[in-house]
Amino acid sequence: MNDNQIKNVERIRKALLKWYHLNSRKLPWRESKKPYDIWVSEMMLQQTQVNTVIPYFYRFLEKFPSIQSLAASDLQPVLKLWEGLGYYSRARNFHKAAKIVVEQYGSVIPDDRDRFLALPGVGEYIAAAVLSIAFDRPLAVVDGNVKRVFARLFEIDAPVNVSASYKIFKVFANDLLDIDDPGTFNQAVMELGALVCKPTKPDCGICPLSKYCQALKNEHVEAFPGKKKKSPVPHYFMAVGVIFKGDKVLIVRRPEEKMLGGLWEFPGGRLQAKEKAENACARIIAEKVNLNVAIESKLTRIQHAYTHFKITADIFICTLVSGRVRRNGPTDHQWVYLNALEKYPFPGSNHKFISKLIKERAK
DNA sequence: AACTCGGGGAC
DNA sequence: GTCCCAGAGTT
């Protein structure tokens, strides 16, 4: 920062905090100062918008109101509460961290940076957020909002989606941080980014920092922050089988350490080159669960987008011809009635056809 | 430093 | 359709 910017620091702080006190949203986790509650909210909020998190936050705290209750649970109920929220490693890591806090720290969440940061699922952002909000520690958060606000305010041209840029934004965040009330300051910057200094069509007309904003002064606010372009994602075709044995269907559990780890799904996989989906379905089921099945009909086709690829999947109704389940890949399996499916956590892609499956079968 | 990991809201 | 979201862990 140059001298002029340093001179403005105190005025920027004051204007931001005043705006925050008048305009901040009333959010459920702002009603609490319990470290556990704050931690739950921050785990859910990473890469996830506020309005998406709110109902999950209420349900999670109702079922697991304390770190002891979370640590005492099996993983499956935790994943069930996380179902649909995505990035399931957050739930797995939080569950692991809760066990560590209970077993190693007497159920008291550590309030120093090094020990808290060492817990699974806790990175620099979560550590700064929880410790500043719950324990008033002077640690500045650097998230997507913070990078966008400061990139515009000071015309920082480091691309926000490149890891090396992090430490550049961190310097600005720490210089601006209000050490008398770091938790409120951190939330104020993020709130400004969410409500005013938005990615597109920022409301500079009502921004409390407009007169300090370098990018606005130079009339190119939306040119900031800079971003590195990402390559397009591949598109895969898949086949999935709903295998009936009487009135029960086969579901399998995914390995915990991988994508969608610990969740349940109907067995499926990718088509080989020029392979027909029906043939792929039978082949994949033979490979993964060692069953010989007959394809009865096509239930539906679904599209789904993940972060790094997209899929088109054909879902087939199958009947068991012969064989007993021998798993090659899945870590567990169950034959279940359709009305029991709701007890298991499934990925979003499976929910795109489960409702249709239940509806068709009820006819 | 780049890649992996979800799902949905806003446009 | 695209972009982005109160990011962390792995390689």
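Labels below follow one simple rule: chain letters A, B, ... track the order of the sequence lines, proteins then strands, and each chain is numbered from 1. Being a predicted model, the structure only gives us computed values, none of them experimental.
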**Q** By the 4.0 Å heavy-atom rule, please label L260(A) as base, sugar-phosphate, or nothing.
**A** sugar-phosphate
**Q** Please find the earliest and latest nucleotides of DNA chain C, in the 5' to 3' direction, that have an atom within less than 4.0 Å of any heavy atom of chain A.
**A** dT2(C) to dG9(C)
**Q** Do K33(A) and D136(A) meet the salt-bridge criterion of a basic N to acidic O distance under 4.0 Å?
**A** yes
**Q** Under 4.0 Å between a Lys/Arg side-chain N and an Asp/Glu carboxylate O for E275(A) and R283(A)?
**A** yes
**Q** Compute both the distance and the angle, then confirm whether R361(A) meets the cation-pi test with F244(A): under 6.0 Å from the six-membered ring centre, within 45 degrees of the axis.
**A** yes
**Q** If I pick the P atom on dA6(C) and the same atom on dC11(B), what distance separates them, to the nearest angstrom?
**A** 14 Å
**Q** Tell me what K228(A) touches on the nucleic acid: a base, only sugar-phosphate, or nothing, going by heavy atoms under 4.0 Å.
**A** sugar-phosphate
**Q** Any ion pair linking E222(A) and K198(A) (charged N to carboxylate O, less than 4.0 Å)?
**A** no
**Q** May I ask you to say whether K80(A) pairs ionically with E83(A), meaning some side-chain N is under 4.0 Å from a carboxylate O?
**A** yes
**Q** Give the first and the last nucleotide of DNA chain B, reading 5' to 3', that has any atom under 4.0 Å from a heavy atom of chain A.
**A** dA1(B) to dG9(B)
**Q** When we call it a touch if two heavy atoms are under 4.0 Å apart, what does V50(A) touch: a base, just sugar-phosphate, or nothing?
**A** base
**Q** For residues Y306(A) and H308(A), establish whether the separation of their ring centroids is below 6.0 Å.
**A** no
